Structures are given as structure tokens and as C-alpha cells.
Amino acid sequence: MSAQHSPPSPTTATVTVFASPESWIESDAVRQCHQVAALDGMRHVAAMPDLHPGKGAPIGAAMASTVLYPHLVGSDIGCGIAVFPIGLKRAVPERIAARFPDLDRSPDPDDPVWAVAPGGPPAGHVEGLGTVGRGNHFVELARIDTVLAADHTDRLGLVAGDLVLVVHSGSRGLGERILRAHTEAHGAGPAPDPAGYLARHDEAVRWGALNRRVLAARVAHALGAEPTEPVVDQCHNLVEVRDGEYLHRKGAAPGDGRDVLVAGTRGTPSYLVAGHAGPAANHSVAHGAGRKMSRADALRRGRAKHTVAQLRRTPVGSLVVCGDRQLLFEEAPTAYKRIEQVIADLVAHDLATPVASTVPLVTYKTPDLGPDRRDERRRGRR
DNA sequence: ATGTAC
């Protein structure tokens, strides 16, 4: 009997959820993991403690398969989180917030920040470069708070009290275009030409990394500091070709011997961790706190629970720059799980070791032009 | 998360 004459094996992939019983994981998200596990060619699904439901596929999962499924990565190919040291000594949140540039618009052609992008962007895609986007994306000025592994922060050149820029953004319209081109032809099905998809995917991954550098350079420049190289930059939406398989990461960062900034919320700390995840976790760690409720629920419940002023000035004393009230509610800290529980789950499952915590001073989401000009914009859009 | 249509 030869294997090639056997009927396709109807086996289902294994699913492992790396969360403790105390961690609330929405059942819809686990259901999505099992739906993914049933896909043709899927071998193993590793769900991180920040798992939550996504559009068609779960967010916070690493999925290993012999077949490449673009929809498992989603449209924001190349999205990730980077940490840039910034040579500022002191920072008063109010003054910093007022100095942030408009990150909804690309820098002018003659802006000196383009020096960080010599040769132009991957795929020649200029549109949107240097813009942060929406959703959970942000640029944050944060302070290294508690050092938990001094030998490790020493290696990174960081000490408690240092200021850093944390940048969470991706490939903007470029990744969206790549997924749309696939979806229009093949829906949620596999990529018939994996090499072709991967070539465009790799450009979006490079574009996302460049976008984070341009964003950091813009903010550094606006705050009177020099642009720096990131000490940490991990992409959590991508496909990695590994051991002859396609490892899809969707809201799951590479955790095999790499440092990752696991983002908290706009009002709680984040944690820099040293990842050491193995095959059972598909070599991955969590990428953030993970949503606890949908955007719609966060908006509904948030309006009853918080004022806009409370969301703009957070419990840790930081400011949130966000002229979009709906987004402010959707992204409220209470819409997310407790980052400490997510980190505790990573530790309990031996996926990562905490290195340091960061505390936000100013988190920039989208321009806040003040009430008068907000109205102007709203009218202008009609 | 996105650009775009309503």
C-alpha cells in the first residue's frame, strides 16, 4: 500500500489554549480555533492567553499548516509592535501631547524624517507611509517602570526611568490590498500560488516595519529628539515558512528566543518579555492584553461607565490623544483583559519571562484638533 | 484594520 493512494486523511489539527482557568477566554474564539483546526492541511493551532474572536479567524493564535491560508493572517499583514529608545530626560504629558504631529497624514515630501527610508518604501507603495491607522494602533511615549530582569535590560541598554516610544502599526492600505486581491479570487481558500502570495506578503511585512520607524522618527523629531533604531520590533500578523510548513500568526508574536513588547492598554502598563516558546505554542507568545468585549459592547457599556475626560486622563496619569470619541470608548482599558493575567499565563506555561514593564505617559491614537476643528472635520466629511 | 460606499 502506498500513501499516495490513500484517501485524504480526515484528521483534525490539535488545538492548545495557553491560558489558565482564571483567564476568561470567549467561547466564540475557541470555536474559531476549532474551525481553523478543521481546515485542510492544518496540523496545530496554538492559542495565546489574549485570544479573542476575529473576523472569520481568531486573534491571538499561531496556526501551523501544510497549506497557506491568507485569511488567517488577515489584511494587516506586517502589523507589529516596536520599541524605540528616545533621548528625553523629562516629559510632562500635557506638553508632549500638544507636540505630537498629525499621524493621520503622511509627512510632507521635504520632511527630514524621510532620511530613515532611503530608497523609498517596499513595493513602491508611498500612500499612507508614516501614518498610524486606527483600531488598536497607537504611538506611545512610555517610561521603563519596573525592571524585572536587569541583566536583560542591560543588554538592551535600558534602565528604569528611561523613556521609549512604543509603536503599534502595520502595513495600512498595502496589506489590505494584498488580502483583497486574494479574497476576490479565492475567498477564504488557500493561496494557489504560495510563492506569489509570500512575495507580496514579505513586502508588506517590510513596509510595516518601515512604517513603525517612520512613525517613531516623526514623533522623535517633533519632541526634539534624534531618531533611533528599535531595540524590539516583532510582527504579530504574518506567515513564516518553517520546517516545511506555513506558520500563520494572527495577533501572536514570534516567541522563540526573541524579545516582545506585549501591549497593555491605553491606561495600564505594557510588558517587555523574553520569549522562549516551543513547538507546542507554535513558537509564539501573546501580542497584547486581548479584547474582553467587542467594539460594539465596549461602546455601549463604556458610555454608561466612563466620561470622555476619564478616558483621556487615565488611572496611571497618562494622556490619550484621540479626537474620535467612538474609538476612545472602543479602546477603553476596561474593554481589554488584565495584562498582568496575560503575562502570568505566559509565565505559567513557560512561554516567556518578563523583562520590564512600561507605563504610558502619552498615547497617541488619532489627532485631537479640539472641539471647534473636530466639528469642522465632521462637516467636511459629509 | 481597512478604504470606500452610503
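Each chain gets a letter, A, B and so on, in the order its sequence line appears, and its residues count up from 1. Given the structure is predicted, the values throughout are model-derived calculations rather than measurements. These values consider heavy atoms only, across backbone and side chains, with no hydrogens, waters or symmetry-generated copies.
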Please determine if a side-chain N or O atom of [X] lies less than 4.0 Å away from the OP1 or OP2 oxygen of [N].
X         : N      : result
Arg172(A) : dG3(B) : yes
Arg177(A) : dG3(B) : no
Arg134(A) : dG3(B) : no

May I have the distance from [X] (atom [atom1]) to [N] (atom [atom2]), rounded to whole angstrom?
X         : N      : atom1 : atom2 : value
Leu179(A) : dT4(B) : CG    : P     : 15 Å
Asp104(A) : dG3(B) : CG    : P     : 10 Å
His52(A)  : dA1(B) : NE2   : P     : 7 Å
Leu238(A) : dA1(B) : CG    : P     : 16 Å
Lys365(A) : dT2(B) : NZ    : C1'   : 14 Å
Glu176(A) : dT4(B) : CD    : C1'   : 9 Å
Glu127(A) : dT2(B) : CD    : P     : 12 Å
Leu72(A)  : dA1(B) : CG    : P     : 16 Å

Review point. If Ile, Leu, Val, Met, Phe, Trp and Tyr residues are connected whenever their side-chain heavy atoms lie under 4.5 Å apart, and connections chain through other members, are Phe84(A) and Leu163(A) in the same group?
Key: yes

Review point. Which residues satisfy the ring pair (Phe, Tyr, Trp, His ring centres under 6.0 Å) test with Tyr364(A), sequence neighbours excluded?
Key: Phe100(A)

Study note, to complete from the structure: For residues 154-164 of chain A, the salt bridge (charged side-chain N to carboxylate O under 4.0 Å, His left out) pairs (sequence neighbours left out) are none

Point to revise | Salt-bridge contact Asp202(A)-Arg200(A) (side-chain N to carboxylate O under 4.0 Å) | key: no

